[in-house]
Number of protein chains: 2
Amino acid sequence: MLEPDRAAADSEAPRASAIAERLREQILSGKYGPGERLPSERELAERSGVHRSCAREALKRLAQEGFVAIRRGGGARVLPLEQAGLGVLQHLLMHAERPDPSLVSQWLDVHELVIAGGARFAVERADDAERARARSLLARLVEPQLPSAALWSVVDELTDLLAVASRNVVLRMVRNALTAQLRVGRKHVDNCPPHKALVQLASAIGRAVQQRDGDAAETHVRTLLRAQRKALLSRLQNA
Amino acid sequence: MLEPDRAAADSEAPRASAIAERLREQILSGKYGPGERLPSERELAERSGVHRSCAREALKRLAQEGFVAIRRGGGARVLPLEQAGLGVLQHLLMHAERPDPSLVSQWLDVHELVIAGGARFAVERADDAERARARSLLARLVEPQLPSAALWSVVDELTDLLAVASRNVVLRMVRNALTAQLRVGRKHVDNCPPHKALVQLASAIGRAVQQRDGDAAETHVRTLLRAQRKALLSRLQNA
DNA sequence: CCCCTAAGGTGGTCGGACCACTTTGGTCCT
DNA sequence: AGGACCAAAGTGGTCCGACCACCTTAGGGG
């Protein structure tokens, strides 16, 4: 019942992880709709050929991720997806072999809100080391013949830096939650904006950093993120 | 070792919850610094007077919340707080009897970014029922002699509505994560903005909803949230 | 001094058991 | 026939004890 090959995705608690993953898949594919009851710990254990404690651990994990709610005596009931935690996102995006473009678009919208807003705080509060690192990253951004993949990777580093420099733990946590284990799968984004526009944008952001101009930083970082958005979505639809 | 009174906070898995809560407390208060090892499952069990499986469940919970990382053979090591998941926020805010104003301020900043940004999407995409509900909430907002607590409760309902109407699941999830079990403790905010300003603001937001004016919605919702911010923070410092 | 091995410690899983609680079905009364 | 009530079955929470695979660490050998 359990293929050790695929189950080995998680080196820790492989059996529990495998069961949890299978349940997630079944929930996301609609086999268990909102309000429905998942199999009990005992039934799940027997059906999966593992001990009850193992099945229990899988169910507890799903509960903590917000997929289901567990109540003593009643079973594990599936929760509406929009009521689930942020951790569900990664499974929502991954459970199909190609992520849903609409969902990715929503993800990008929120990411843009948070990061562009954070850019304002970042340029106002960054220390000298962080500003120097920003300059360095912006310089790498406009290197001629930089491969597209490397370019977007630099952009990712830049947004990371912004989150840190914003001096806002909550913002960092939100970004962590948004990007957790999400970097995989978005490699090989082969298109990128025209180099000339990029140079202009990088210099504008650099100026904002230098002058601690929050408004300008927000505006131009948003522009950069929109370029990334365009590249990602077009890649997603043409692939 | 376990006080049933305080442990009864969680009706489900009370023993595991109590142990987890105690560990969280000790981590947040610095008894276990980043990188340090928590007691092993067996030691924790013996020390707490519960079975190992119970202590284990508590540790697993902390791991999933991002407090610690568990590795086979190595123990449970405390993770840097800014690397933790959003779930730690609620414990970060609650672990002192009075939340840290600086942290609350950061929370409010992010909340403002997300909701004000979401307001733009919301007014552009809301259906008639949602717009009607927005009108109704805005009307309640300007009721004369409305108690401050009720006023802020209406504001919360309004932001909820915005998150739903934004048609952005990711945004809803982020808001859920930000507000999860956080409504408690912020009751009795006794101050509120001048009624005249409130009337003006409500009418401005209503107009934005009616005309589906995204820019205006973002601007005025942000103003409303800043008023809420001011009230909350002053309440926090004077209490 | 470093590398490498072996012992101990740790988490992961197993098997079985009891309790408290919820659900559910049927019985009994109205 | 309908509703209130009660008992049995089912479910999660906890306990007990055990084994295994893996990591850590201390010790011995080079």
Side-chain angles (χ1 to χ4, degrees), chain A residues 1-23 27 32 35-79, chain B residues 1-23 27 32 35-79:
Chain A
M1 184 62 89
L2 294 174
E3 293 104 345
D5 318 338
R6 304 198 304 118
D10 253 314
S11 78
E12 316 288 337
R15 290 187 184 50
S17 286
I19 295 180
E21 184 51 32
R22 189 151 41 96
L23 286 176
I27 293 175
Y32 297 104
E36 257 181 277
R37 279 179 56 166
L38 259 50
S40 73
E41 295 177 354
R42 290 170 176 86
E43 181 178 350
L44 198 57
E46 188 179 3
R47 204 192 295 179
S48 305
V50 298
H51 186 66
R52 184 187 154 201
S53 64
C54 218
R56 170 182 176 78
E57 192 164 321
L59 285 172
K60 297 291 279 190
R61 202 176 302 193
L62 259 65
Q64 203 155 351
E65 286 167 354
F67 274 99
V68 302
I70 297 178
R71 279 185 343 185
R72 204 181 247 193
R77 295 198 124 86
V78 177
L79 256 37
Chain B
M1 183 62 89
L2 293 174
E3 294 103 344
D5 319 338
R6 303 198 305 117
D10 253 315
S11 78
E12 316 289 335
R15 289 185 182 54
S17 286
I19 296 180
E21 183 52 31
R22 189 150 41 96
L23 286 175
I27 292 176
Y32 297 106
E36 257 181 278
R37 279 180 57 166
L38 261 49
S40 73
E41 296 176 353
R42 289 170 176 86
E43 181 178 350
L44 198 58
E46 188 179 4
R47 203 192 295 180
S48 305
V50 299
H51 186 67
R52 184 188 155 203
S53 63
C54 217
R56 170 182 176 79
E57 190 163 323
L59 285 172
K60 296 292 279 190
R61 201 177 303 193
L62 259 64
Q64 202 154 354
E65 285 167 354
F67 275 99
V68 301
I70 298 178
R71 278 184 343 185
R72 213 183 244 201
R77 294 199 126 85
V78 177
L79 255 36

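Here is how names work: the chains are called A, B, and so on, in the same order as the sequence lines, proteins then strands, and each is numbered from 1.
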Inset, instruction - Verify whether one side chain among A/Ser48 and A/Arg22 offers a donor that lies under 3.5 Å from an acceptor in the other. - result: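 Checked: A/Ser48/A/Arg22 side chains pair up, N/O donor to acceptor below 3.5 Å.
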Legend entry - Presence of salt bridge, B/Glu57 and A/Arg56, under 4.0 angstrom: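 Yes, this pair counts.
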Inset, instruction - Apply side-chain contact (heavy atoms from CB on, under 4.5 Å) to B/Arg71 and A/Glu12, showing your working. - result: CA-CA 7 Å; B/Arg71 278 184 343 185; A/Glu12 316 288 337; 4.1 Å; yes
Inset, instruction - Would you indicate whether the side-chain heavy atoms of A/Phe67 and A/Leu79 approach each other to under 4.5 Å? - result: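 Not touching, per the 4.5 Å side-chain cut-off.
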Legend entry - Non-hydrogen side-chain atoms of A/Ile70 and A/Leu62 separated by less than 4.5 Å: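 The answer is no; the side chains never approach within 4.5 Å.
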Legend entry - Donor-acceptor pair under 3.5 Å, B/Arg52 side chain vs C/dG12 base: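 Result: at least one qualifying N/O pair found.
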Legend entry - For DNA chain D, the residues among residues 68-78 of chain A that have a non-hydrogen atom under 4.0 Å from it: A/Ile70, A/Arg71, A/Arg72, A/Gly73, A/Gly74, A/Gly75
Inset, instruction - On DNA chain C, check which nucleotide each of A/Glu57 and A/Arg42 is closest to and give me the residue with the more 5' one. - result: A/Glu57
Can you tell me how far [atom2] of [N] sits from [atom1] of [X], to the nearest Å?
X	N	atom1	atom2	result
A/His51	D/dG12	NE2	P	14 Å
B/Glu43	C/dG9	CD	C1'	11 Å
A/Arg56	C/dC14	CZ	C1'	15 Å
A/Lys60	D/dT14	NZ	C1'	11 Å
A/Leu38	D/dT11	CG	P	12 Å
B/Glu46	D/dT14	CD	C1'	17 Å
B/Ile19	D/dC15	CD1	C1'	13 Å
A/Glu12	D/dA21	CD	C1'	11 Å

Legend entry - Nearest listed nucleotide, side chain of A/Pro14, among D/dC15, C/dG12, C/dG15: C/dG12
Inset, instruction - Determine yes or no for a side-chain-to-main-chain donor-acceptor pair under 3.5 angstrom, with B/Glu36 supplying the side chain and B/Arg77 the backbone. - result: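 Judged by distance alone, no pair lies under 3.5 Å.
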Inset, instruction - Could you tell me whether the side chain of B/Glu41 and the main chain of B/Ser53 form a donor-acceptor pair under 3.5 Å? - result: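 Absent.
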Inset, instruction - Scan B/Ser40 against the nucleic acid and name what it touches under 4.0 Å (heavy atoms): base, sugar-phosphate only, or nothing. - result: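 If one applies the 4.0 Å heavy-atom cut-off, B/Ser40 turns out to touch the sugar-phosphate alone, with no base involved.
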